[in-house]
4 protein chains.
Amino acid sequence: MDKVLGRPRDDAAGPALLSAARRLVSERGYQRVSIQNLLDEAGVGRQTLYRRWPSKAELVLDAFLDSAGRIPAVTEGPILEVLTRFLTHLFANLNEDGPALRSLMASAQEDAKFLASFRERFLQPRAKIVKSFLEQAVKRRELNENFDVDTASDMIHGAFWYRMLLGRPLDAAFATKLTTAVLKVTE
Amino acid sequence: MDKVLGRPRDDAAGPALLSAARRLVSERGYQRVSIQNLLDEAGVGRQTLYRRWPSKAELVLDAFLDSAGRIPAVTEGPILEVLTRFLTHLFANLNEDGPALRSLMASAQEDAKFLASFRERFLQPRAKIVKSFLEQAVKRRELNENFDVDTASDMIHGAFWYRMLLGRPLDAAFATKLTTAVLKVTE
Amino acid sequence: MDKVLGRPRDDAAGPALLSAARRLVSERGYQRVSIQNLLDEAGVGRQTLYRRWPSKAELVLDAFLDSAGRIPAVTEGPILEVLTRFLTHLFANLNEDGPALRSLMASAQEDAKFLASFRERFLQPRAKIVKSFLEQAVKRRELNENFDVDTASDMIHGAFWYRMLLGRPLDAAFATKLTTAVLKVTE
Amino acid sequence: MDKVLGRPRDDAAGPALLSAARRLVSERGYQRVSIQNLLDEAGVGRQTLYRRWPSKAELVLDAFLDSAGRIPAVTEGPILEVLTRFLTHLFANLNEDGPALRSLMASAQEDAKFLASFRERFLQPRAKIVKSFLEQAVKRRELNENFDVDTASDMIHGAFWYRMLLGRPLDAAFATKLTTAVLKVTE
DNA sequence: TGTTAAGCGAGACGGTACGTCGGGTCTTGAG
DNA sequence: CTCAAGACCCGACGTACCGTCTCGCTTAACA
């Protein structure tokens with residue numbers, strides 16, 4: 001099974017492209033990195049990239065996919081603390097990756113296929129974490145059973161993306177204000 | 001004192017470009033409209049555009065600037081109604097202009113100067129309307145005096161931009177949910 | 001050696017451009033043919049032209065390089081006849097290619113590098129033919145051994161270019177007058 | 001008659017443009033001087049130029065018209081001397097004006113109307129001088145009565161233009177060689 | 001003295017061409 | 001079948017000129 005004819009794929013090529021993407025996009029910004037730049041940096045041929053990703057956007061998405069992904073999703077403690085801690089860590093990571101994420105969101109606006117990828121692979125997983133926090137809090141009666149988890153999630157992610165896209169700072173203070181405001185809803 | 005040397009600019013050229021931009025971008029989408037398309041549609045020379053706007057993005061921003069700007073900012077009635085009414089109208093207008101606005105937000109992510117324009121000329125004026133609603137409600141004790149107007153505004157605009165950028169629907173139902181959630185804060 | 005990395009150049013593209021250049025320049029004249037016209041006619045991309053030639057002038061030079069090059073350089077017979085026959089054929093060919101050659105000479109006046117190309121690749125080879133005729137005639141004592149071959153060549157080519165650049169006719173009659181005058185020098 | 005309504009033309013504007021043309025074209029070369037450069041240099045409006053000349057080429061032609069025009073057409077002495085003296089002076093003047101004249105000849109190749117001007121106003125007058133030398137020499141039996149004045153003139157001017165257009169030197173030595181060769185014809 | 005009309009500098013106008021750049025596809029020979 | 005290399009077609013971009021036009025002002029001759 002799994003007959004593999006011909007020369008096997010170079011296992012190093014993919015990672016080389018991912019790290020090239022991370023490095024160059026962090027340095028210069030998404031738009032100012034051309035595909036040729038990535039190929040040169042990774043020492044890789046053109047087709048080798050297109051064999052693995054359909055576009056620059058998808059490659060860069062993969063390169064930054066684990067951004068803010070290693071956030072310790074500690075569930076213990078009151079929901080206010082849990083959420084604030086999560087957002088604080090999230091925001092801290094954005095100092096580095098924020099610019100790339102903004103560019104990815106921008107690319108998604110002109111390419112429906114990429115928007116779908118971006119939602120499914122990046123945004124929804126992060127939304128689910130927040131929703132699960134809230135759902136657990138509802139379950140253990142910390143939040144009212146009528147609490148609108150979906151809208152709350154939209155408001156949290158919306159507010160943070162909105163500020164990020166506008167180039168406004170995201171810090172611990174804002175994390176606190178945000179969670180406080182969202183959770184007050186059920187007070 | 002406002003020296004007016006040389007042939008005066010053609011008063012019709014600017015509007016012609018603006019309406020060309022509005023028309024073409026609405027039809028085909030921002031990315032699929034080239035500068036040449038705009039020139040042809042407006043019947044105008046290349047320099048005439050570059051004399052007035054530094055980029056396609058700035059022109060299109062101007063073209064869609066009054067989008068959702070004619071929304072009846074009626075202040076009367078309870079804040080919940082006022083805000084819901086405002087957002088419902090706003091969302092209704094976005095069926096037409098939404099795609100263009102998404103493209104403008106995207107352009108702003110790769111061009112700091114344009115982001116500044118976009119914030120000052122488009123986003124902030126709209127944010128001010130919402131904030132003034134909330135401030136008036138605070139003043140007349142409809143909302144608690146500790147109500148965090150700024151964060152509430154970020155959550156409202158954030159949630160709506162977030163949904164729009166993700167291609168999710170913006171309708172009256174969401175307007176209601178959103179205002180309800182935000183205002184519950186002071187209950 | 002002669003490393004051949006990457007996709008080889010399309011052997012058809014160059015000839016397609018050359019024949020497009022020949023066809024269009026002959027029809028409309030050099031100035032009225034844009035680079036885009038050539039690309040469209042040849043069914044070729046922009047870079048494909050710029051990869052092969054640095055300018056329109058160089059391409060057109062190549063296209064007309066063999067113009068008047070297939071002239072039967074028959075050496076037999078008295079020098080007067082040889083030269084007259086050569087010039088008559090040369091002039092006959094210029095009905096078609098004259099306009100292009102005039103444009104090339106014009107282009108050469110504003111571009112030193114192109115002038116060098118034009119001299120080396122077009123003018124000097126043609127000058128050599130005439131000089132060799134005269135040198136052979138000197139060698140076989142048909143012309144005086146003091147005969148100034150270089151100046152004679154300048155006068156012949158000068159007279160013909162001068163008339164051509166001035167839009168005056170070049171016919172068999174002029175060929176005869178010219179050779180007669182030049183050769184009388186040693187009578 | 002000659003009713004002159006309206007503001008009279010500024011007598012200084014024409015000369016200002018002529019001298020601007022002379023100065024700039026001598027410095028940078030014809031092609032690298034734009035019409036705007038000429039206007040700026042002359043401190044003159046666009047329409048003021050176009051009211052006087054139909055094109056840059058015509059203006060520059062006027063600017064360099066008297067080039068080599070002040071050559072002392074001394075008729076005395078043997079034709080060889082007369083002609084050599086004339087050409088030597090002519091060539092001496094070309095060190096300065098040669099580049100401009102080459103550009104004018106180039107412009108004439110793409111513009112039939114300008115070619116006519118250039119012939120009539122520049123080339124023919126100079127050709128006439130040479131022809132009159134030769135005709136006088138024929139009249140006084142210094143040259144054979146069958147001497148082909150027209151062809152000789154073409155060869156002289158042709159040879160000198162040819163060398164000039166090819167960027168080859170024009171000096172007293174060449175003047176001598178040229179006249180010697182041409183006049184040998186009747187020996 | 002006031003009117004008329006052309007000239008003036010300035011600069012905007014519609015066009016056209018240019019050379020560069022980037023994107024995604026295709027095609028070599030080598031591995 | 002993959003690899004690096006690099007050619008292919010396409011099309012957008014911003015710049016630079018060109019020759020025409022239009023503004024408010026100036027300069028005379030005419031009324």
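The shown structure was predicted, so the numbers you read here are calculated from the model rather than taken from an experiment. Residue numbers start from 1 in every chain, and the chains themselves are labelled A, B, ... in the order their sequence lines are given, proteins ahead of strands.
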Self-check item: Counterpart residues, salt bridge (Lys or Arg N to Asp or Glu O under 4.0 Å), relative to Arg28(C) (two or more places apart)
Solution: none
Quiz item: Got a donor-acceptor contact below 3.5 angstrom from the Arg121(C) side chain to the Leu65(C) backbone?
Solution: no
Quiz prompt | Interface with DNA chain E, restricted to residues 27-42 of chain A and to heavy atoms under 4.0 Å | solution = Ser34(A), Ile35(A)
Self-check item: Any side-chain heavy-atom pair of Pro54(A) and Phe114(A) under 4.5 Å
Solution: no
Quiz item: Could you state the CG-P distance from Asp11(C) to dT28(E), rounded to the nearest angstrom?
Solution: 10 Å
Quiz item: Whole Å only: how far is the CZ atom of Arg46(C) from the C1' atom of dG11(F)?
Solution: 9 Å
Self-check item: DNA chain E contacts among residues 49-59 of chain B, heavy-atom distance under 4.0 Å
Solution: Arg51(B), Arg52(B)
Self-check item: CD-CG distance between Glu96(A) and Leu101(A), expressed to the nearest 0.5 angstrom
Solution: 10.5 Å
Quiz item: Please give, in whole Å, the distance from dT2(F) C1' to Asp10(A) CG?
Solution: 9 Å
Quiz item: How many angstroms lie between NZ in Lys56(D) and CG in Asn37(D), if you round to the nearest 0.5 Å?
Solution: 8.5 Å
Quiz item: Okay, side chain of Arg46(B), backbone of Leu39(B): is any donor-acceptor separation there less than 3.5 Å?
Solution: no
Self-check item: Between dT27(E) (C1') and Leu5(C) (CG): distance, integer Å
Solution: 13 Å
Practice problem: Apply the test side chain to side chain donor-acceptor pair (under 3.5 Å) to residues Ser103(A) and Gln31(A): give CA-CA distance (whole Å), side-chain angles for both, the deciding distance (0.1 Å), then the verdict. | Solution: CA-CA 8 Å; Ser103(A) 290; Gln31(A) 201 80 277; over 6 Å; no
Quiz item: Within a strict 4.5 Å, meaning less than it, do heavy atoms of the Gln109(A) and Gln109(B) side chains meet?
Solution: no
Quiz item: Starting at the 5' end of DNA chain F, which residue's closest nucleotide do you reach first, Ala13(C) or Arg7(D)?
Solution: Ala13(C)
Practice problem: Compare side-chain N and O positions of Arg9(D) against OP1 and OP2 of dG7(E) and report whether any pair is under 4.0 Å apart. | Solution: yes
Exercise. Round to the nearest Å and state the distance from Asp111(D) atom CG to dC18(F) atom P.
Key: 14 Å
Quiz item: Gln47(C) has an atom CD; how far is it from atom P of dG23(E), in whole Å?
Solution: 14 Å
Quiz item: Just by modelled atom types, is the Ala57(C) backbone N or O under 3.5 Å from a matching donor or acceptor in the Tyr30(C) side chain?
Solution: yes
Quiz item: Does Thr48(B) place a side-chain N or O at less than 4.0 Å from the phosphate oxygens OP1/OP2 of dG14(E)?
Solution: yes
